[in-house]
*Asks:* 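I'd like to ask you about the structure that follows.
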Amino acid sequence: NIYSNPRPFGPVFGRATVTEAAGRSLYRGFTTTLKVRRSRYVMDLYYTRSWNYSYDDNERGFTSPNYADVNNVTSEYNYSNIDEPHQFRGTVNYSLPLGFDIASTMKFTAGRPITARTGVDSNLDGVVNDRPIINGVMLKRNSFHNEGFKDVSLRLQKSFSLPNEKGKISLSADAFN
C-alpha cells in the first residue's frame, strides 16, 4: 500500500502496533554423507542442499517491524534470513610417522540472503528504510544473496606415551582461519 501523508489520525495516535502470531516458515533439505575409514586416515564429508523460507525471522519483530505492508504479511514470504542453500562440511584426520597426527576441519556455505533497502519512506507509511519499487513492483524480502562463508582449520598433534604405559599425553598446535 502507498499511504497518503499524513496518516489518518497520525498526530493523535502516533504509531499503532498490533502483535499477533502470524508467522510461517518452511525448511526443506537433504544431506549426503561420505565416510572413509582407513588405517592411516579418517575422512567425514557432508553436503546439505536446503531451502528455507519464512515471513519474518525476527524473534521480537513487534518492536521494529520490517514489513513492507503490514496489512499483507504474506507478501513477505521469501527466503529466510538464515537460508544457506549449499553447505559443505568435513573433517580429515591423518596419522603421520613418529606419532604425529594432522587434522583439518572445514566449512563452506553459500551466502545468506540480504534485502535491498532504499533508506527512505518510499510508501509513506511512517517507517523509513523501505525496499525499492521497480516498475511499480516492490522487490521481495531477501532477494539477493551475500558472499559465502569459508573456514578451514588445521591441527598438528604429537602424542607421547607416559612411563609404564600409564597413558598418553598429547601436545597440539592449532591454526584457525
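These numbers come from the heavy atoms of this one structure, side chains and all, not from hydrogens, waters or symmetry mates. The chain is numbered in sequence order, starting from 1.
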*Asks:* Mind checking what makes salt bridge (charged side-chain N to carboxylate O under 4.0 Å, His left out) contact with R155, not counting sequence neighbours?
*Replies:* D174
*Asks:* Which heavy-atom pair separates A103 from N93 by the least distance, and what is that distance?
*Replies:* CB-OD1, 2.9 Å
*Asks:* Can you name the closest pair of heavy atoms from N81 and P113 and give their distance?
*Replies:* O-CD, 3.8 Å
*Asks:* Which hydrophobic side chains are connected to V42, either touching it within the sub-4.5 Å cutoff or through other members that do?
*Replies:*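 For V42, no cluster forms, as it stays isolated from other hydrophobic side chains.
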*Asks:* Give a yes or no on whether L26 and Y55 share a hydrophobic cluster (residues Ile, Leu, Val, Met, Phe, Trp, Tyr; joining criterion: side-chain heavy atoms under 4.5 Å apart).
*Replies:* yes
*Asks:* Kindly state each residue pair satisfying salt bridge (charged side-chain N to carboxylate O under 4.0 Å, His left out) with at least one member in residues 78-87, sequence neighbours excluded.
*Replies:* E84-R112
*Asks:* Is there a path of hydrophobic side-chain contacts, each under 4.5 Å between heavy atoms of I/L/V/M/F/W/Y residues, joining V92 to L96?
*Replies:* yes
*Asks:* Does the side chain of D121 come within less than 4.5 Å of D130's, by heavy atoms?
*Replies:* yes
*Asks:* Quick one, S104 and M43 - any side-chain contact, counting heavy atoms below 4.5 Å?
*Replies:* no
*Asks:* State yes or no: do F88 and V152 share one hydrophobic cluster built from I, L, V, M, F, W and Y residues joined by side-chain heavy-atom distances below 4.5 Å, directly or via other members?
*Replies:* yes
*Asks:* Would you check if R131 and S143 make a side-chain contact, meaning some heavy-atom pair closer than 4.5 Å?
*Replies:* no
*Asks:* Looking only at side chains, do S54 and R141 share a donor and an acceptor under 3.5 Å apart?
*Replies:* yes
*Asks:* Got a second to check how far W51's CH2 is from F30's CZ, nearest 0.5 Å?
*Replies:*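 W51 atom CH2 to F30 atom CZ measures 5.5 Å (nearest 0.5 Å).
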*Asks:* If I compare all heavy atoms of Q87 with all of T109, which pair ends up nearest, and what's the gap?
*Replies:* CG-CG2, 3.9 Å
*Asks:* Can you name the residues that form a side-chain hydrogen bond (donor to acceptor under 3.5 Å, both in side chains) with T48, not counting sequence neighbours?
*Replies:*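 Expected list: T31.
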*Asks:* Please name all residues satisfying side-chain hydrogen bond (donor to acceptor under 3.5 Å, both in side chains) with T91, sequence neighbours left out, ordered by chain then number.
*Replies:* none
*Asks:* Checking N52 now: which residues fulfil side-chain hydrogen bond (donor to acceptor under 3.5 Å, both in side chains) with it, not counting sequence neighbours?
*Replies:*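 For N52, no residue satisfies side-chain hydrogen bond (donor to acceptor under 3.5 Å, both in side chains) once neighbours in sequence are set aside.
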*Asks:* Using a 4.5 Å cut-off between side-chain heavy atoms of Ile, Leu, Val, Met, Phe, Trp and Tyr, which other residues end up in the same hydrophobic cluster as L139?
*Replies:*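 Members besides L139, by chain and number: I114, I134, F144.
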*Asks:* Looking at the rings of Y53 and Y79, which for Trp means the six-membered one, are their centres under 6.0 Å apart?
*Replies:*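 Distance test on ring centres: under 6.0 Å, yes.
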*Asks:* Quick one: list whatever passes salt bridge (charged side-chain N to carboxylate O under 4.0 Å, His left out) with R37, sequence neighbours left out.
*Replies:*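 Per chain and number, R37 pairs via salt bridge (charged side-chain N to carboxylate O under 4.0 Å, His left out) with D44.
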*Asks:* Is there side-chain contact between Y46 and K107, with at least one heavy-atom pair below 4.5 Å?
*Replies:*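 Sidechains of K107 and Y46: no contact.
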*Asks:* Using the rule that Ile, Leu, Val, Met, Phe, Trp and Tyr join whenever any side-chain heavy atoms are under 4.5 Å apart, tell me whether F108 and I82 fall into a single cluster.
*Replies:* no
*Asks:* Please collect all side-chain hydrogen bond (donor to acceptor under 3.5 Å, both in side chains) contacts where either partner lies in residues 158-169, sequence neighbours excluded, each pair once.
*Replies:* S159-S170
*Asks:* Would L171 and L98 show up in the same hydrophobic cluster when neighbours are defined by side-chain heavy atoms closer than 4.5 Å?
*Replies:*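 Different clusters: L171 never reaches L98 through Ile, Leu, Val, Met, Phe, Trp or Tyr contacts under 4.5 Å.
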*Asks:* Who are the side-chain hydrogen bond (donor to acceptor under 3.5 Å, both in side chains) partners of Y47, not counting sequence neighbours?
*Replies:*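 Applying side-chain hydrogen bond (donor to acceptor under 3.5 Å, both in side chains) to Y47 gives H86.
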*Asks:* Do V36 and Y41 touch side chain to side chain, with heavy atoms closer than 4.5 Å?
*Replies:*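 Yes; the side chains approach each other to less than 4.5 Å.
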*Asks:* Other than F176, what residues sit in its cluster of Ile, Leu, Val, Met, Phe, Trp and Tyr side chains whose heavy atoms are under 4.5 Å apart, directly or through others?
*Replies:*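 Result for F176 is none, singleton.
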*Asks:* Which other residues belong to the hydrophobic cluster containing L154, where Ile, Leu, Val, Met, Phe, Trp and Tyr are joined when side-chain heavy atoms lie under 4.5 Å apart, directly or via other members?
*Replies:* none
*Asks:* Is the CG atom of L34 crowded by more than 12 outside heavy atoms at less than 6.0 Å?
*Replies:* yes
